[in-house]
Amino acid sequence: MRVLVTGGAGFIGSHIVTALAAEGHEPLVLDALLPAAHPRTPEIPAGAGFRHGDVRDAEQVRAALRGVDAVCHQAAMVGLGSGVHDAPGYVSCNDLGTAVLLAAMAEAGVRRLLLAGSMVVYGEGRYDCPEHGPVRAAPRRAADLDAGRFEPPCPRCGAPLRPGLVAEDAPTDPRNVYAATKLAQEHLAGAWARATGGRAVALRYHNVYGPGMPRDTPYAGVASFFRSALARGEAPRVYEDGGQRRDFVHVTDVAAANVTALTGLDTRAAGACTPYNIGSGSPRTVGELAAALASATGGPPPLTTGEYRLGDVRHITADSAAAFRDLAWTPRVPFAAGVAEFATARLREPAAG
C-alpha cells in the first residue's frame, strides 16, 4: 500500500514511516520542516519518499496524493503551548491543515484516513464518587491548587474521587486550545467520511515517549523535560505532588498501532471516524516516571515543587481494550524497559534562539 504520512519527519511520524516500510508498505513523507520542530534537516527513514510541503498548501497536497492508497495524518502543532495567544497558530496548523488535506483527498478519490488523535480531548479522566458513582470532575480552581488541594472533589458532595480508566465513549471536554483543535480534527474527519463514504480511524494517543522525542521546547512532553534536566545534572522538577496519573506509551508501540489500524481500514465502517485509545494499559504517576528516569541515569532524585499549570488535568489514563480487540494490537514495551532505554536515547535538538 502506498501511504502518505503527513508530518512523517517528526517524532511519531518518523517511527510510523519506519514501521510501514518494515511491513512492506511504500511510505511517502509530506512535511513542512517548520523550524520550531526541525531546527536541522532531519534524516528521512530508509525506504520512504519525501516531499517538502505544508498540509495547508492545497497544490502541494494534491501533488503528494497522486497514486496514494491511504493517508496517515500526523502533521500538527502539538503540546499546550504558551497560552491563548497561540490559538491562531494551532487552528491554522491543525484544523485548517486538516481541512485542506481532506478536501484534496475527496478530490483525488483517496478514501482511507488514519488520524493522529489525542487523549486531551477528554479533559479530566474518569472518576467515581463513593456515594454518587461516576461523575464528571469540574475544572480545578486556582484557589484549591494554591492550597495544595490537587485532587478534584465530587461536584455534588465534595467527597474525594477515585480515578479510573477513560473509554472512547466518555464525553469529550477539551480544556485548552490544543485540545480543542484535536477534537475539531476528529469532527472534520467524520464529516469527510460521511460526505465521501470514506473510512477513518482516530488514534487517541496517550503520553507518547521514546527515542527521537523533541527536547527543550514549549511543545515537548514531560518525559523530555525530565530527561533534559537530568542531562544538565539537575533534579527533575515534578509539578503538584507528583501523583498525577498518566498512561505512558512507547513510540514504537504507537507506530505499530498505526500500521495495524491502517491495514484494517477496509474493515471499518464507511462514512464514520472511529476513535481508539492508544495507551500502554499500565498507568503510572508523573512522580514514578521522574523517579524511574533519575534512577536509570544515576541523576539526582526528583524535586516535587507543588507548582501547577492551570488547565492541566489531574488524572487521565486509557482504557485501550477496544484497540486491543478491534485492531489486534498489543503494546509490547514495558514501562521499566522503555524508560531505561529512553534514559540514554537520542533526543531531537531544540530550535535555535
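Keep in mind that the numbers below use all heavy atoms, side chains included, and drop hydrogens, waters and symmetry copies.
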Between atom [atom1] of [X] and atom [atom2] of [Y], what is the distance when rounded to the nearest 0.5 Å?
X      : Y      : atom1 : atom2 : answer
Phe342 : Phe226 : CZ    : CZ    : 10.5 Å
Tyr122 : Thr317 : OH    : OG1   : 11.0 Å
His15  : Thr252 : NE2   : OG1   : 7.5 Å
Arg51  : Leu65  : CZ    : CG    : 10.0 Å
Ile12  : Tyr209 : CD1   : OH    : 13.0 Å
Leu101 : His73  : CG    : NE2   : 5.0 Å

Self-check item: Exercise: identify the closest heavy-atom pair between Glu240 and Arg314
Solution: OE1-NH1, 2.8 Å
Quiz item: Side-chain donor-acceptor pair under 3.5 Å between Arg246 and Thr285, yes or no?
Solution: no
Practice problem: Test side chain to side chain contact (heavy atoms under 4.5 Å, CB included) on Asp326 and Tyr276 and set out the steps. | Solution: CA-CA 9 Å; Asp326 296 351; Tyr276 288 100; 2.9 Å; yes
Would you say the side chain of [Y] lies within less than 4.5 Å of the side chain of [X], judging by non-hydrogen atoms?
X      : Y      : value
Leu113 : Leu102 : yes
Ser118 : Tyr205 : no
Pro331 : His250 : no

Quiz prompt | Crowding at CD, Glu307 (>12 non-hydrogen neighbours, <6.0 Å) | solution = yes
Inspect the contact between [Y] and [X] and indicate whether a charged nitrogen and a carboxylate oxygen are less than 4.0 angstrom apart.
X      : Y      : value
Arg62  : Glu107 : yes
Glu131 : Arg156 : no
Lys182 : Asp95  : no
Asp253 : Arg332 : no

Quiz prompt | ILVMFWY network linking Val251 to Val5, side-chain heavy atoms under 4.5 angstrom | solution = yes
Practice problem: With Arg215 as the cation and Phe225 as the aromatic partner, state whether NZ or CZ is under 6.0 Å from the six-membered ring centre and within 45° of the axis. | Solution: no
Quiz item: Using the ring of each side chain (for Trp, its six-membered ring), is His52 parallel, tilted or perpendicular to Phe50, with breaks at 30° and 60°?
Solution: parallel
